[in-house]
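Only this structure's heavy atoms are used, side chains among them; waters, hydrogens and symmetry mates stay out. Letters A, B, ... are given to chains in the order of the sequence lines, protein chains preceding strands, and every chain is numbered from 1. Being a predicted model, the structure only gives us computed values, none of them experimental.
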Amino acid sequence: MNYWLMKSEPDEYSIDDLAAERNQTAHWDGVRNYQARNMMRDQMCIGDKVFFYHSNTAEPGIVGIAGVVRTGYPDFTAFDRKDKHYDAKSDPDNPRWYMVDVRYVRMLKRVITLSELKTHKQLSDFPLVRRGNRLSVMPVSKKDWDFILALE
DNA sequence: GCCAACGTTGGC
DNA sequence: GCCAACGTTGGC
């Protein structure tokens with residue numbers, strides 16, 4: 001089993017939105033970064049666990065846990081001219097962008113903020129706290145996953 | 001293949 | 001709203 005962190009702007013899509021979905025499940029569409037795509041397309045497995053992270057908000061941080069319930073498949077929003085994430089270069093016969101489905105698992109007992117994560121030396125290799133990191137999907141080592149959950 | 005211009009991300 | 005970081009685009 002693998003561990004991940006996925007970012008979302010709560011104004012766009014929050015963990016509460018995920019929890020309110022039918023089956024508490026949603027497709028993680030709109031990722032338009034090759035590294036993040038590769039992870040979703042090639043590496044994510046059913047049962048993998050995901051930290052749900054709220055970015056671009058007053059108090060950015062990890063707010064809950066989700067799980068991967070469907071492995072990578074073409075992001076159809078790229079084919080929809082009217083969609084915000086439309087990409088003319090993604091051909092349905094040779095899709096450029098992929099997504100996975102995730103299901104709500106639970107909220108954390110409290111938000112573990114980015115600023116708190118930055119104070120822990122043990123997490124200095126965690127991509128989220130590395131300067132300039134903008135990946136919206138990133139791997140989390142089991143060691144870091146366990147450490148972060150123990151902060152809860 | 002280089003690199004300047006441009007767009008986006010996301011913390012603050 | 002600002003701006004640093006960094007990915008992408010496109011001219012050459």
Task: Under the ring-ring contact (aromatic ring centres under 6.0 Å, His included) test, residues paired with Y13(A) that sit two or more places apart - done: none
TODO: Between R134(A) and K89(A), just flag the one whose closest nucleotide in DNA chain C comes earlier from the 5' side.
DONE: R134(A)
Open item on the list: What is the first contacted nucleotide of DNA chain C and what is the last, in 5' to 3' order, if contact means an atom lying under 4.0 angstrom from a heavy atom of chain A?
Closed with: dA5(C) to dT9(C)
Open item on the list: Applying the side-chain contact (heavy atoms from CB on, under 4.5 Å) criterion to D101(A), which one of T25(A), I46(A), N23(A), D29(A) satisfies it?
Closed with: T25(A)
Task: Residues in side-chain hydrogen bond (donor to acceptor under 3.5 Å, both in side chains) contact with W145(A), at least two apart in sequence or another chain - done: none
Open item on the list: Between F52(A) and W4(A) (judged by ring centroids, cut-off 6.0 Å), do the two rings come close enough to count as a pair?
Closed with: no
Open item on the list: Using only atom types and a distance under 3.5 Å, with no angle test, would you say the side chain of R41(A) pairs donor to acceptor with the backbone of W97(A)?
Closed with: no
Task: 5' precedence on DNA chain C between N133(A) and R96(A) (nearest-nucleotide basis) - done: N133(A)
Open item on the list: Does anything in residues 57-80 of chain A form a ring pair (Phe, Tyr, Trp, His ring centres under 6.0 Å)? List the pairs, not counting sequence neighbours.
Closed with: H27(A)-F76(A)
Task: Validation row: V50(A), L5(A) side chains within 4.5 angstrom (heavy atoms) - done: no
Run the side-chain donor-acceptor check on residues 56-71 of chain A: report pairs under 3.5 Å with partners two or more places apart or on a different chain.
residue : atom : partner : partner atom : Å
N56(A)  : ND2  : E9(A)   : OE2          : 3.3

- [ ] Would you jot down, in residue-number order, the residues of residues 53-61 of chain A having a non-hydrogen atom under 4.0 Å from DNA chain B?
- [x] Y53(A), S55(A), N56(A), P60(A)
